[in-house]
S.K.: 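Here you go, one structure.
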Amino acid sequence: MSLTRNTEAAASRTANSSALEALTRAGFIGYGILHLLFAWLALQIAFGTASDDGDQAGALRTLAEQPLGKVLVITVGVGLLAMGIWQVLEAAVGHRAEQGRDRIAERVLSGGRAVMYLWFAWTALQVFQNASESSADKQEALSAKLMESTGGQWLVGLAGVVVVGIGAGMIFYGVTKRFEKRLKTGEMDARTRTLARRLGMVGYTAKGAALAVAGVLVVSAAVTYDPEKARGLDAALHTLREQAYGQLLLIVVALGLAAFGLYCFLQSRYRKV
C-alpha cells in the first residue's frame with residue numbers, strides 16, 4: 001500500500017473516531033452559544049448600548065465575563081478545535097458520497113470551514129489568556145497596512161469580493177435548504193424536521209446577509225482608501241444601524257443570528273459527522 005493510501009486510511013480512522021465525533025457534537029453546542037451571544041451583541045448595537053465588538057470575538061469576551069466564563073470559553077474552544085480537525089479530515093479524505101467536481105467543491109468548502117473553526121478556537125484561547133485584542137481593530141490595522149503596500153488596495157478589494165461571495169453563498173445555501181442534506185433527517189420526526197428547516201433557512205440567510213454587508217464595506221474601504229470601513233462584522237452591523245429603518249433591520253438580523261445559534265443545537269444531535 002502506498003504512502004498516500006496509508007495516510008488516507010489513517011485520516012479516515014481518525015475521522016471515524018467516536019471521541020472526535022463526541023467533541024465535534026459538543027462543539028456545535030458551543031458554536032450555538034457563540035451565535036446567541038453574537039445575536040445579543042447585535043441587539044445591543046441596535047439599541048445603542050453595545051459594550052464590545054459585534055462579532056464572534058466580542059461574543060467570546062462577553063462569555064468570559066460571566067460566572068465561570070473562562071471555563072466556558074475554553075470548553076467552547078476545545079469543541080471548536082474538534083470541529084476544525086473534523087473539517088480538515090473532511091477536506092483531506094471526506095465527502096466520498098459525492099463524485100467528481102461535486103466532491104472537489106465540498107472538500108474545498110470543508111477546508112474553508114476548517115480555517116474558520118480553527119480561527120475561532122485560537123480566538124477562544126486568546127480570550128482565555130486575556131490576550132484577545134479587538135478583532136475589528138485588528139482587521140482595520142491589517143487593511144491599513146496592506147493598503148500602504150504596492151497592490152495592497154487591490155488585495156483588500158479582492159478580499160472584500162471573496163467575503164461578499166461567501167455571504168451570497170450562505171444566503172443561497174439557506175434559501176435553497178441545501179443544509180438539509182447534511183442532517184440525519186431520517187431520525188427526525190416531522191415537527192423537528194420543520195423546525196430545523198425554518199431555523200436553518202433564517203439563520204443562514206441572516207448570517208450571509210451580515211457577511212455580504214461586511215464584504216461590501218471592505219471593497220468600499222479599498223476603493224476610498226478608508227481602513228475604518230474594513231472592520232468586519234462589527235462595521236457591518238453598525239452600518240446597518242445607520243440606515244433608514246436600521247434599528248429594525250438590525251433587530252431582524254439579530255433574530256436571524258439567534259435562529260442560527262438554535263440551529264447549531266439541532267446540528268449537535270442530527271448533523272452527519
S.K.: Cation over ring, Lys184 on Tyr270, under 6.0 Å and within 45°?
M.R.: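 Because its charged atom misses either the 6.0 Å distance or the 45° angle limit, Lys184 does not stack over Tyr270.
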S.K.: Rounded to the nearest 0.5 Å, how far does CD of Gln87 lie from CZ of Arg113?
M.R.: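 Here the rounded value is 5.5 Å.
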S.K.: Please report the closest heavy-atom contact between Ala114 and Gly84, naming both atoms and the distance.
M.R.: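 Looking at all heavy atoms of both residues, the shortest contact is CB-O, 3.7 Å.
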S.K.: By salt bridge (charged side-chain N to carboxylate O under 4.0 Å, His left out), which residues pair with Lys181, not counting sequence neighbours?
M.R.: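 Scan of Lys181 (salt bridge (charged side-chain N to carboxylate O under 4.0 Å, His left out), adjacent residues dropped) gives Glu98, Glu106.
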S.K.: Write out all pairs satisfying side chain to side chain donor-acceptor pair (under 3.5 Å) with one or both partners inside residues 254-267, taking only residues at least two apart or from two chains.
M.R.: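 Those involving residues 254-267 are Gln267-Arg271.
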S.K.: Running the 4.5 Å side-chain criterion over Ile, Leu, Val, Met, Phe, Trp and Tyr, what cluster does Val78 land in, apart from itself?
M.R.: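 Via sub-4.5 Å side-chain contacts, Val78 links to Leu23.
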S.K.: Tell me, please, which residues at least two apart from Ala46 pass side-chain contact (heavy atoms from CB on, under 4.5 Å).
M.R.: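 Gln247, Leu250, Ile251.
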S.K.: Going only through I, L, V, M, F, W and Y residues with side-chain contacts under 4.5 Å, is there a path from Ile74 to Leu34?
M.R.: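 Yes, Ile74 connects to Leu34 through the hydrophobic network.
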S.K.: Which residues pass the side-chain hydrogen bond (donor to acceptor under 3.5 Å, both in side chains) test with Thr194, not counting sequence neighbours?
M.R.: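 In terms of side-chain hydrogen bond (donor to acceptor under 3.5 Å, both in side chains), with neighbours along the sequence ignored, Thr194 is linked to no residue.
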S.K.: Hey, what do you get for CG (Leu89) to CZ (Arg107), rounding to the nearest 0.5 Å?
M.R.: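 One gets 11.5 Å once the value is rounded to the nearest 0.5 Å.
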S.K.: Are Met116 and Trp86 grouped together when hydrophobic residues (ILVMFWY) are joined by side-chain heavy atoms under 4.5 angstrom apart?
M.R.: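 As far as the 4.5 Å side-chain criterion goes, Trp86 and Met116 are connected within one cluster.
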S.K.: Do the ring centers of Phe260 and Phe38 come within less than 6.0 Å of each other?
M.R.: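 They do not qualify: ring centres at least 6.0 Å apart.
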S.K.: Output yes when a side-chain donor or acceptor of Arg182 lies under 3.5 Å from a complementary backbone atom of Lys272, and no otherwise.
M.R.: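 No; judged by distance alone, with no hydrogens or angles, the pair does not exist.
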S.K.: If hydrophobic clusters are built by linking Ile, Leu, Val, Met, Phe, Trp and Tyr wherever their side-chain heavy atoms come under 4.5 Å apart, do Val273 and Leu109 end up in the same one?
M.R.: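 No: no chain of side-chain contacts under 4.5 Å links Val273 to Leu109.
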S.K.: Measuring from Thr24:OG1 to Leu80:CG, what's the distance to the nearest 0.5 Å?
M.R.: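 Answer for the OG1-CG pair, Thr24 versus Leu80, is 10.5 Å.
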S.K.: Hey, does the side chain of Thr123 reach the backbone of Trp119 with a donor-acceptor pair shorter than 3.5 angstrom?
M.R.: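 Looks like yes, one N/O pair under 3.5 Å.
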S.K.: Any idea which heavy atoms bring Ala206 and Leu257 closest together, and the distance?
M.R.: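 Taking every non-hydrogen atom into account, CB-N, 4.0 Å.
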S.K.: CG of Leu36 to CG of Leu63: how many Å apart, nearest 0.5 Å?
M.R.: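 So the gap between those two atoms works out to 11.0 Å.
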S.K.: Between Val127 and Lys70, which heavy-atom pair has the shortest distance, and what is it?
M.R.: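 For Val127 and Lys70, the tightest heavy-atom pair comes out as O-CE, 3.8 Å.
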S.K.: Using a strict cut-off of less than 4.0 Å between a Lys/Arg side-chain nitrogen and an Asp/Glu carboxylate oxygen, indicate whether Arg61 and Glu65 qualify as a salt bridge.
M.R.: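 No, Arg61 and Glu65 are not salt-bridged.
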S.K.: May I have all residue pairs that pass side chain to side chain donor-acceptor pair (under 3.5 Å) and include part of residues 196-205, sequence neighbours excluded?
M.R.: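 Non-adjacent pairs meeting side chain to side chain donor-acceptor pair (under 3.5 Å): Glu180-Arg197.
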S.K.: Could you give the distance from CZ (Arg103) to OG (Ser110), rounded to the nearest 0.5 Å?
M.R.: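 So the CZ of Arg103 and the OG of Ser110 are separated by 10.5 Å.
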S.K.: Please enumerate all residues that pass salt bridge (charged side-chain N to carboxylate O under 4.0 Å, His left out) together with Glu187, with sequence neighbours excluded.
M.R.: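 In terms of salt bridge (charged side-chain N to carboxylate O under 4.0 Å, His left out), with neighbours along the sequence ignored, Glu187 is linked to Arg269.
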S.K.: Filter on salt bridge (charged side-chain N to carboxylate O under 4.0 Å, His left out), then keep only pairs touching residues 256-265, sequence neighbours left out; what's left?
M.R.: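 Sorted pair list comes back empty.
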S.K.: Side chains of Leu41 and Leu237: closer than 4.5 Å at any heavy-atom pair?
M.R.: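 No. Closest side-chain heavy atoms not under 4.5 Å.
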S.K.: Testing the basics here: between Tyr31 and Cys264, what is the closest heavy-atom pair and its distance to 0.1 Å?
M.R.: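 So the minimum-distance heavy-atom pair works out to CD2-SG, 3.7 Å.
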S.K.: What's the shortest heavy-atom distance between Gly111 and Ala91, and which atoms?
M.R.: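 Nearest heavy atoms, Gly111 then Ala91: N-CB, 3.7 Å.
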S.K.: Can you name the side-chain contact (heavy atoms from CB on, under 4.5 Å) partners of Val163, sequence neighbours left out?
M.R.: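 Scan of Val163 (side-chain contact (heavy atoms from CB on, under 4.5 Å), adjacent residues dropped) gives Leu211.
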S.K.: Verify the cluster assignment for Trp122 and Tyr117: are they in a single hydrophobic cluster under the rule of side-chain heavy atoms below 4.5 Å apart?
M.R.: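 In one cluster: yes.
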S.K.: Would you call Ile29 and Val76 a side-chain contact if the rule is heavy atoms closer than 4.5 Å?
M.R.: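 Counting from C-beta outward, Ile29 and Val76 never come under 4.5 Å.
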S.K.: Output the distance between atom CG (Leu37) and atom CG (Leu72), rounded to the nearest 0.5 Å.
M.R.: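 Here the rounded value is 9.5 Å.
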S.K.: For residues 166-178, which side-chain N or O atoms pair as donor and acceptor with protein atoms under 3.5 Å away, sequence neighbours left out?
M.R.:
{"from": "Thr176", "atom 1": "OG1", "to": "Phe172", "atom 2": "O", "distance (Å)": "2.5"}

S.K.: List the atom of Ala121, the atom of Gly77, and the distance in Å for their closest heavy-atom pair.
M.R.: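 Where Ala121 meets Gly77 most closely, the heavy atoms are CB-O, 3.6 Å.
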S.K.: Under 4.5 Å side-chain heavy-atom separation, chaining through any Ile, Leu, Val, Met, Phe, Trp or Tyr, what else clusters with Val164? Say none if it is isolated.
M.R.: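 Members other than Val164 - counting any ILVMFWY side chain reachable under 4.5 Å - are Val216.
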S.K.: Consider only side-chain heavy atoms of I, L, V, M, F, W and Y, link residues closer than 4.5 Å, and tell whether Val202 and Leu249 are in one cluster.
M.R.: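 In one cluster: no.
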S.K.: Does Ser268 have any side-chain hydrogen bond (donor to acceptor under 3.5 Å, both in side chains) partners at least two apart in sequence or in another chain, and if so, which?
M.R.: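 Partners of Ser268 by the side-chain hydrogen bond (donor to acceptor under 3.5 Å, both in side chains) criterion come out as none, since no residue qualifies.
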